[in-house]
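Notes follow the structure.
Basis for what follows: all heavy atoms, side chains included, without hydrogens, waters or symmetry-related copies.
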2 protein chains.
Amino acid sequence: MQETDPRPTITGQHRELLDQLLDKWSLHVLDQLCEHGALRFNELRRAIPAITQKSLTAALRRLERNGMVERIVVSDRPIAVEYRIAPVGQGLQDLIDALLLWTTAHLPEVERARERFDAVAG
Amino acid sequence: MQETDPRPTITGQHRELLDQLLDKWSLHVLDQLCEHGALRFNELRRAIPAITQKSLTAALRRLERNGMVERIVVSDRPIAVEYRIAPVGQGLQDLIDALLLWTTAHLPEVERARERFDAVAG
DNA sequence: CCGCATCCTGCACGATACTG
DNA sequence: CAGTATCGTGCAGGATGCGG
């Protein structure tokens, strides 16, 4: 008989959610929001220069829909909107940090592996 | 003055690597290899029914190139190949497990967030 | 200031057929 | 058994322009 399995096997639900959370830009957005606490739309744009406004909108909407980010209308005329990390998003951020840390630590090793592979493959 | 920053800010290198490691199928492949230790090509196909053989080949090559997976030719005629997790891949697996665990734990919460969002948005 | 609508392009992935 | 080759396609994401 087996106890609580520490390794849940991946399912479609996992993939779907992770796809929405680890997509090209959500990482950057979460990263920035976590670092600065709360940011306006155009502050985010400036903080992530490479992002287009369409992609930023999409990422924010997706994150908001999944409950990771809160969208707060501060005022209108001129309209001002603030985005901040929702509580559940904090936990995710820890995981993302772990991924970033791991990546940073192992990048050199990965580089060497690539060189070895490419040398053989040509 | 600030000490060693525990939150490395995301860079292009991070994204590039994570893109290759967290793509649609690599997660499944790593998952299976970690669970069974070593698997043959067609064993992997059967273990991940939804994957096409082209995608499996691509995922394996990418993981191999990045040093996450080792490809071992066991015999030829008939040719037999074994794939197994490389040491550095183990650490990654721990992170992926954490992601899966987190996802599992928070899926209900995310579901509710989505329903709330969709109710408002229509 | 904060977006949405539209058009366009590349690329990931699937389907299918073939080979050592 | 373990792949390669080729073709077709959906969709994420860039560029650009407009609107409350």
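- Summarising the geometry, the separation between CG on Leu21(B) and P on dA12(C) is reported as 15 Å, rounded to the nearest angstrom.
- Scanning all heavy atoms of the two residues, the minimum distance from Leu60(A) to Phe41(A) falls at CD1-CD1, 3.9 Å.
- You'll find the side chain of Leu33(B) stays beyond 4.5 Å of the side chain of Arg84(B), heavy atoms only.
- The existence of a salt bridge linking Arg112(B) and Glu109(B) is excluded, since no basic side-chain nitrogen approaches an acidic carboxylate oxygen closer than 4.0 Å.
- Using a 4.5 Å heavy-atom threshold, the side chains of Thr52(B) and Trp25(B) count as separate.
- Distance alone, capped at 3.5 Å, places no donor-acceptor pair between the Ser26(A) side chain and the Leu22(A) backbone.
- Atom CZ in Arg77(B) sits about 15 Å away from atom C1' in dT19(C), given to the nearest Å.
- Computed from coordinates, the Asp76(B) CG to dT19(C) C1' distance equals 16 Å when rounded to whole Å.
- Shown here for Gln90(B) and Ile85(B), the closest heavy-atom pair between the two residues is N-CG2, 3.6 Å.
- Distance, Arg45(A) CZ to dC2(C) C1': 10 Å, rounded to whole Å.
- Using a 4.0 Å cut-off on heavy atoms, the residues of residues 59-71 of chain B that approach DNA chain D are Arg61(B), Arg71(B), listed by number.
- Counting heavy atoms from C-beta on, the side chains of Arg40(B) and Glu82(B) come closer than 4.5 Å.
- Of the possible polar contacts, one joining the Asn66(A) side chain to the Arg62(A) backbone as a donor-acceptor pair under 3.5 Å is found.
- When DNA chain D is scanned in the 5' to 3' direction for atoms under 4.0 Å from non-hydrogen atoms of chain A, the outermost contacting nucleotides are dG13(D) to dG20(D).
- dC18(C) atom C1' lies 15 Å from atom NZ of Lys54(B), rounded to whole Å.
- Salt bridge absent: Arg46(A) and Glu43(A) never bring a charged side-chain N and a carboxylate O closer than 4.0 Å.
- As rounded to whole Å, 11 Å separates atom P of dA12(C) from atom NZ of Lys24(A).
- The CD-P distance, from Gln53(A) to dC2(C), rounds to 11 Å in whole Å.
- In this structure, Ile48(B) places its CD1 atom 12 Å from P of dG14(C), rounding to the nearest Å.
- Looking at the side chain of Ile79(B), the nearest of the listed nucleotides dC4(C), dG20(C), dC13(C) is dG20(C).
- Position along DNA chain D of the nearest nucleotide to Ser55(A) versus Glu43(B) favours Glu43(B) as the more 5'-ward residue.
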